[in-house]
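Residue numbers begin at 1 in each chain, while the letters A, B, ... track the order of the sequences.
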Amino acid sequence: MALKIVKGSIDRMFDKNLQDLVRGIRNHKEDEAKYISTCIDEIKQELKQDNIAVKANAVCKLTYLQMLGYDVSWAAFNIVEVMSSSKFTYKRIGYLAASQCFHESTDVIMLTTNQIRKDLSSPNQYDTGVALTGLSCFVTPDLARDLANDIMTLMSHTKPYIRKKAVLIMYKVFLKYPESLRPAFPRLKEKLEDPDPGVQSAAVNVICELARRNPKNYLSLAPLFFKLMTSSTNNWVLIKIIKLFGALTPLEPRLGKKLIEPLTNLIHSTSAMSLLYECVNTVIAGQYWFSVGSASLSSLCVFGVVDSPEVKYLGLLAMSKILKTHPKSVQSHKDLILQCLDDKDESIRLRALDLLYGMVSKKNLMEIVKKLMLHVDKAEGTTYRDELLTKIIDICSQSNYQYITNFEWYISILVELTRLEGTRHGHLIASQMLDVAIRVKAIRVFAVAQMATLLDNAHLLTGNMQRNGICEVLYAAAWICGEFSEHLENPMQTLEAMLRPKVATLPGHIQAVYVQNAAKLFATVLKAQEGNTDSTTAQETSQLMIDRLPLFVQSANLEVQERASCILQLVKYIQKLQQKDVEVAEEVNALFAGELNPVAPKAQKKVPVPEGLDLDAWINEPPSESESEDEQPKAIFAKEEPKHSRTRHTEVDEKELARRREARKQEQANNPFYIKASPSSQKVYQDAPGVEHIPVVQIDLSVPLKVPGLPMSDQYVKLEEERRQKERAEKKKKEKKKRKEKRSGRGKKHDSGPESEEDITPAHQVDIVTEEMPEVQTNLLSSNCVFVHLYLSRPLADSEKLPVRSHRAAEAAKSPVEDGETENATSLEPKKKSSKEKREKKKDKDRDRKVRVQRCSKGRLEQQVQRIVLKNKNKLLFKNLFPPTQVYDIQGNLQDGSQVVVSVIFENKCDSFLKSMEFNVLDSLNSKLQRPEGSGPHDGLTVPFQLPPGVSNEARFVFTVQSIVMPQKLKGTLTFIVKNEDSSTHEKLDFKLHFTCTSYLITTPCYSDAFAKLLESGDLKGSSVRLEGVNMPFHHLLARICFHHHFSVVERIDSCASMYSRSIQGHHVCLLVKTVSKQQRSTREPIWDTLAMCKTADSDASVFLCCKKQNQDLKDKSVCQKTHKKLYIHIIFHFYFATF
Amino acid sequence: MMRFLLLFSRQGKLRLQKWFTPIPEREKKKIIREMTSLVLARQPRSCNFLHWKDLKIIYKRYASLYFCLAIENQENELLALEVIHRYVELLDKYFGNVCELDIIFNFEKAYFILDEFLMGGEIQETSKQIVNRCIESSDMLQEDDSSEWYEVELFG
């Protein structure tokens, strides 16, 4: 042995250590990969040695290589080996490597459970610490479940060093194993008052993190946190507490008032910028802004003044938050924000841009956009310029162009933007042009003129780069000119511009639009020319088309080719007709007759899905992940709304639609820009299920402004100002007339007082395409967090205890309260658990179970005894009146595989005294009531108590059972004497005992791996039952199965759960409960009374499991719920049985 | 909660990585690449905060090393800066005027210090003294172990 060690250490002297490796890598800069591959080979050799020191050294080097990006997953097992070294030095390295390299899918993690558990209970606090640290990086759901209890114990460790780590890791455990939250929470709460500040701050961190996900549960902690907040001096802890309050105040407004004072104090007193920022943030979020107004405003000013980019950035962030609630107070800082656009830091500029988006109003839109246009001109770097461009468009187009009062100005802005070189957002500009031209009818004349100029100067846009994104605008220009060609001043010139040979260099889809719209233009031109007497010009135009179109017919782009050849043939035909002096213009125009109307982006939803069409079904197999990352085709027409597109609306029912309609009407009523639809169209909309009902309102405007040439947008600022002044003046005049006052109507801005938003009327109206109400967005936080639906204040249920590792299943059934106590007692000396304690626990467990028995049978017995009373009075026969049993609970006896205990609660509900009760059951071949020795097989058992009125008591009877694999009913009678004040009568009560198969089951916890092994083993036989119409929530169903049929949940994934139980004779019973959606429903009839039957693998004994009772329960429940919910959930039970 | 901490040099060489949530290896590499290119492209003396996906990236440059910390959206950026600074202070205290080479050659020590300071994405210990003391005493423990080993080696 000694020799081996010596040999190992000699070997080691020749090994590279980490420093050598690092140095080596630095010296082999040219052939690093080669050098490292030789190093990895060496490491592989080292890992094969027995010497743990050598292994640890190798693992350490691997950790370094992992950081450099090399795959070391092959060494996972060696890492586990090093982790399990008894020496701290190596253990530390092992855990470090594990925390760097392991992830959820590392399979060796399964092997570490026991090692980690050992380390957690190590007497050396640093061993424990290192294990906890490692665990925090690679904890999996399995580890979390298995170790939750150990970690919870560590939360009360004597060393604060361990306590704080345990508290922190508990959060990770909660995430992976949400069931642990409720049992662990009381102890976590205690830690808030831990004497050690480190532990305290750890607990604050964890609770803050939890509360962020579901604040409601933590409201009760508010007083405690309030105390901490006023007493703590640790800034970092304070920040967390304030953050926590930020999450709580929306739920409890009174809290806000209480917070104002301490927050104001902190704001005034603290020198730490981070704390100040947190306070201000909370003040803003809490909306008690005005009460702390002065303080936070002044501190915001600090944000503005301090010359640190970080603080400036945060100031802007904070402002954007204020903007949502108090836009006025931010708008007053407009200049400051515009200044930030000049900042050299791009992220500050972007923040400022975000702010501007929310700040615009009708009044200042032109001014702000003008400033932005200046920035566009001098901006360096295309990304920022692109950002500016999109922002300008966003700002202008927000909420249906709400802030635009002059669309000619907007069109000229768009045209100016086309002069940007190298922007990627050509399609964005194009879609805006199209949108405005289509929806604002009054602007079309102007827009068409602008677009014609654009087409004329197309060479300026396209320049030399064919890939230039800006040429997309030509798409819009060509389309607008073609579609609204009647507004063109000189259509012939535009037609020629569109048929220039240079067009062939444009991208295919634009060429296609060119060709198509050239045809439209051609029609318009023909119409104009045929009006003239000279027919030759018309023929010349046709000739022009015939000359130029062949260029497109040769195009490589299929669509261009197709359209061009189609139109070419058409024009040739027209030419033929023209030569015969036939008037064709009318018919050619008919080709493009009709107007295109805007359609709301979500109008498609209104069209009902045809019968038998399943939109969710795949037509082809879904493409692989990598393919889905391909570029999305860019929408040219309507802006896409990616965040809404995901939600499907196939299942919106009538009621929901009606509700939305109502809500939308409400919104429309409040929207000054919405012109109410006429009642007739409203009717159509509600009745007809077609496209017609898409609500589109069109407004024709009387005064189209006409400005020739290509005007600069700046002109419009002036024009707009004049227009407004005129309007104001008119208004003033009216007022003056009314009041007969002498004040002159000078429309100077400063003396007319602030203009209110409503005063500014837009020069053009937009066709408002009504949109759907925004969909209810699921709260991301709550949906991705597993424990949102836990309620901490609810008492712990049996099923929620943390699994405790134990030799016997019985011990696992401790109640959680005792759990805590015994853990406290045993945590110091975990190995010295005396057998006495065990016995005590066992007893506790029994008591626990008894209570449960009572709970479950009480209700039923009440019923029964009430009937007794009834019978006493009415002198009826009992026999036929009794419901079949269900007045007792049957429990298997663990110690003896052939015994079951039946607990019956007797409750006297009548006014008389009951005594001399005798309980008797008619034995069957299979089951026999155990009677005291010496008594005959038909004698009854005396119930060992009497019942005064209103008293209940429990009696237990033991039955011997031969075979537990069949359900059976036992008939029995209860005889008793009813004693009144004056008389006493002898009464008899018949009953039946149902021994279902599940009454022989004993709740036994099972881990998922063991469960999986069991299923894989092939020893089990399966059978399944399908129930329809079960309508209780899935977790209720599971709870019922657990409670009434003694199963335990092994694993639950969504609406599928695997459950396990064991019979008293050791049969394994696995149960898979699945919810099946409606689509998957088979045509089979519901099976209520099916007995799941199968044969065990190695014996001939048939196993019957009677599901009847279970089903009946479910059915009862479902009947009452069926009526008001139409969705059915279908449950499938898969049973698996085995004998050992 | 913090998501990850990266240390890299001006050349974009990774010096330390700590992931507080389990992330697949491929994803890690992608993030590291993005972070280095994002942070290294920043102009000097500009704001140290970035928005990246749903996270906030807080970075700070100390000599030739960039410290880059990703926090969740609702976290406090200035606090994150303080956390980075505290870590640098701890390194400085441990190595005595720390430089990039210290971290390269003793990268495991840098991890151990970090593990005493942060855990699972939360601040574990707010007190510098306590962190230092913990590191010292675990190092002592390690030396006890190693000295035993050295004896064997000498003996051999």
- Counting only heavy atoms closer than 4.5 Å, note whether B/Ile130 contacts chain A via side chain, backbone, both or neither. side chain

- Taking every heavy-atom pair that is under 4.5 Å apart, which of A/Lys165, A/Glu278, A/Lys172 has the most such pairs with chain B? A/Lys165

- Message: One thing to verify: whether A/Lys243 and B/Glu75 come together as a salt bridge, which I'm taking to mean a side-chain N less than 4.0 angstrom from a carboxylate O.
- Response: no

- Task: Apply the test side chain to side chain contact (heavy atoms under 4.5 Å, CB included) to residues A/Phe102 and A/Cys137: give CA-CA distance (whole Å), side-chain angles for both, the deciding distance (0.1 Å), then the verdict.
- Result: CA-CA 8 Å; A/Phe102 286 5; A/Cys137 293; over 6 Å; no

- Closest heavy-atom pair, A/Ala202 versus A/Leu168, reported as atoms and distance to 0.1 Å, is CB-CG, 3.8 Å

- Message: Counting only non-hydrogen atoms closer than 4.5 Å, does A/Ser99 touch chain B with its backbone (N, CA, C, O), its side chain (CB onward), both, or neither?
- Response: side chain

- Message: Less than 4.5 Å to any heavy atom of chain B: does that hold for the side chain of A/Asn235, its backbone, both, or neither?
- Response: neither

- Task: Name the orientation class of the two ring planes belonging to A/Tyr64 and B/Phe107 (parallel below 30°, tilted from 30 to 60°, perpendicular beyond 60°).
- Result: perpendicular

- Check whether NZ of the Lys or CZ of the Arg B/Arg10 lies under 6.0 Å from the centre of the six-membered ring of B/Tyr66 and within 45 degrees of that ring's axis. no

- Task: Name the option with the most non-hydrogen atom pairs under 4.5 Å to chain A; the candidates are B/Ser137, B/Ser127, B/Ala80.
- Result: B/Ser137

- Below 4.5 Å from any heavy atom of chain A, which atoms of B/Leu81 appear? Answer side chain, backbone, both or neither. side chain

- Query: Shortest non-hydrogen contact from B/Ile31 to B/Phe4?
  - Reply: CG2-CZ, 3.5 Å

- Message: Heavy-atom cut-off 4.5 Å, strictly under: side chain, backbone, both or neither for A/Ile169 against chain B?
- Response: both

- Message: Can you tell me which of A/Val22, A/Val130, A/Val139 forms the most heavy-atom pairs within a distance under 4.5 Å of chain B?
- Response: A/Val22

- Using 30° and 60° as the class limits, which term best fits the ring planes of B/Phe117 and A/Trp236: parallel, tilted or perpendicular? tilted

- The interface call for B/Arg86 against chain A, heavy-atom contacts under 4.5 Å, is side chain

- Counting heavy-atom pairs under 4.5 Å with chain B, the top scorer among A/Arg351, A/Glu104, A/Gln125 is A/Arg351

- Query: Are any of the side-chain nitrogens in B/Glu116 or B/Arg133 under 4.0 Å away from the carboxylate oxygens of its partner?
  - Reply: no

- Task: With a 4.5 Å cut-off on heavy-atom pairs, point out which of B/Lys13, B/Arg42, B/Glu125, B/Gln74 contacts chain A the most.
- Result: B/Gln74

- Item | Ion pair check, B/Asp102 and B/Lys109, cut-off under 4.0 Å | no

- Item | Heavy-atom contact with chain B under 4.5 Å, split by part of A/Arg26 | side chain

- Message: Quick check on A/Gln19 against chain B: is it the side chain, the backbone, both or neither that has a heavy atom closer than 4.5 Å?
- Response: both

- Indicate whether the side chain of B/Glu100 and that of B/Ser64 have a donor and an acceptor atom separated by less than 3.5 Å. yes

- Message: Among A/Asn234, A/Leu132, A/Leu275, which residue has the highest count of heavy-atom pairs closer than 4.5 Å to chain B?
- Response: A/Asn234

- Drop me the distance from B/Leu6's CG to B/Leu16's CG, to the nearest 0.5 angstrom. 8.5 Å

- What residue, out of A/His103, A/Lys240, A/Lys91, A/Lys164, has the most heavy-atom pairs lying under 4.5 Å from chain B? A/Lys164

- Query: So which of B/Glu108, B/Glu77, B/Lys29, B/Gln43 has the biggest tally of heavy-atom pairs under 4.5 Å with chain A?
  - Reply: B/Glu77

- Query: In terms of heavy-atom pairs under 4.5 Å with chain A, which of B/Asn48, B/Val83, B/Asp115 leads?
  - Reply: B/Asn48

